[in-house]
Amino acid sequence: SSGSALLVVPGTVGYEIWVAGGGTARVTELNTVNLRVAAAAPTRLPLPDGTTCDVPYLSRAGWGANETLRFINGYEDWPAEFAPAQALTVHHTAGANNDPDPAATVRAIYYYQANTEAWGDIGYHLLIDEAGTVYEGRWSGADPVPVAAGPVGGGGAPTSVTGAHVLNFNTGNIGVVLLGDFTNRLPTAAASESLARVLASVARVYRIDPLGRVNYVNPVNGAARTVDALCGHRDWAATQCPGNLFYPRLPALRLDIRQRIAAAGRSLRQQPVQPAPPPSPAHYSVY
């Protein structure tokens, strides 16, 4: 069998890799720390309805995204495509906890997923570090609003850019990932609070009831599944993500998010799902 993995090794001066069964391995080294990345002060997370989410937020430019990684020979590898949102999925990266340089880790994830995995960009829509800082993930256009095609008016629900975080169930599925491994520990209080604020804002704007169940249908490839509207990666695939200790907390998180939305006096009328535009054939299988 074969596979690949991103190994973040902060503060090391060397490493040794062992391959089971006497196999071979190809290693790509990437320095995402000693880069000339302009310092950016976090702002608030902008939302497509013109409001903001009160969390520290870094845009792609803020965390130092190299936008040339999205292109091959001058052509965008996976152009942005949009569809109405049906579900929210929570992940963990299963990487190192107590990360001394999470922005560098975000840059490493970006390189790995865009180039090694050939997903054309970072797969997640939003990323959250242990300090509660939120990072813009997958590119969704030149406007400052992440995830969406752009600002919307008239009270309508925006469309979300198609990511690459759940094989076959990506279209209309917004992925938010916590940096770290929550198999045997829980996220920090700061990360948990930012996650709740972000999910409450996204659920409100995209008209998704966090306590609801959805009959998800991928309008691109027809893949269907009935899931909680706010679920974990393991609800879609055979994985331990978002961590054995954290996953059982999702029911309480759903209730917390619903209460936050209700306290703000917002409604959650789900918009009818419309077909997504035809995909580019090269990436059909991961939608």
Side-chain angles (χ1 to χ4, degrees), residues 5-11 32 42-45 47 52-58 62-63 87-110 112-113 122-138 146-147 163 165-166 173-204 208 210-211 227-237 239-261 263:
L6 172 65
L7 302 177
V8 180
V9 286
T32 60
T43 60
R44 291 164 66 103
L45 170 64
L47 299 167
T52 60
C53 178
D54 187 15
V55 291
Y57 168 75
L58 288 176
W63 56 259
L88 305 173
T89 300
V90 179
H91 300 257
H92 74 162
T93 59
N97 296 314
N98 305 312
D99 189 343
D101 194 344
T105 298
V106 172
R107 292 192 292 271
I109 293 171
Y110 173 36
Y112 174 73
Q113 295 185 341
I122 198 165
Y124 309 110
H125 292 85
L126 296 167
L127 306 92
I128 302 174
D129 70 18
E130 291 169 295
T133 299
V134 180
Y135 300 78
E136 179 182 12
R138 198 166 190 87
V147 184
H165 59 101
V166 179
N173 189 351
I174 298 175
V176 180
V177 65
L178 293 167
L179 301 186
D181 187 339
F182 305 112
T183 302
N184 299 308
R185 62 177 284 183
L186 290 172
T188 64
S192 297
E193 179 63 20
S194 285
L195 177 66
R197 292 187 184 189
V198 165
L199 291 176
S201 295
V202 172
R204 172 182 64 79
I208 295 174
L211 290 179
V227 294
D228 291 307
L230 194 166
C231 59
H233 186 184
R234 66 174 63 185
D235 295 313
W236 302 98
T239 173
Q240 294 185 351
C241 181
N244 289 339
L245 197 58
F246 176 58
Y247 179 76
R249 300 296 181 100
L250 289 186
L253 178 62
R254 294 184 190 104
L255 180 60
D256 178 25
I257 292 168
R258 189 64 181 86
Q259 291 173 338
R260 289 172 187 251
I261 297 171

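S194 places no side-chain N or O within 3.5 Å of a backbone atom of V55 that could act as its donor or acceptor partner. The main-chain N or O of R107 is never found under 3.5 Å from a side-chain atom of W63 such that the two would form a donor-acceptor pair. Within the 3.5 Å criterion, the main-chain N or O of L45 finds no donor-acceptor partner in the side chain of T52. H233 contributes no side-chain N or O that, together with a main-chain N or O of C241, makes up a donor-acceptor pair within less than 3.5 Å. Side-chain atoms of R197 never come within 3.5 Å of backbone atoms of C53 as a donor-acceptor pair (strictly under, hydrogens ignored). With hydrogens and angles disregarded, a donor-acceptor distance shorter than 3.5 Å links the side chain of N97 to the backbone of D181.
Taking the six-membered ring where the residue is Trp, H125 and H165 present perpendicular rings, their angle passing 60° and hence far from 30°.
Residue R234 qualifies as enclosed at atom CZ: its count of foreign heavy atoms under 6.0 Å is above 12.
Between H91 and Y124, the gap from one ring centroid to the other is short of 6.0 Å.
For the residue pair C231 and L250, the shortest heavy atom distance occurs at C-CD1, 3.9 Å. For the residue pair T188 and E130, the shortest heavy atom distance occurs at OG1-O, 2.6 Å. Listed here is the closest heavy atom pair of P102 and L179: CB-CD1, 3.9 Å.
Residues L230 and I208 form no side-chain contact, since every pair of their non-hydrogen atoms from C-beta on lies 4.5 Å or further apart. The shortest distance between side-chain heavy atoms of Y135 and I122 does not fall below 4.5 Å.
Atom CG of residue D235 and atom OG1 of residue T89 lie 8.0 Å apart, to the nearest 0.5 angstrom.
None of Q259, R254, R260 except one satisfies the side chain to side chain donor-acceptor pair (under 3.5 Å) rule with D256; the exception is R260.
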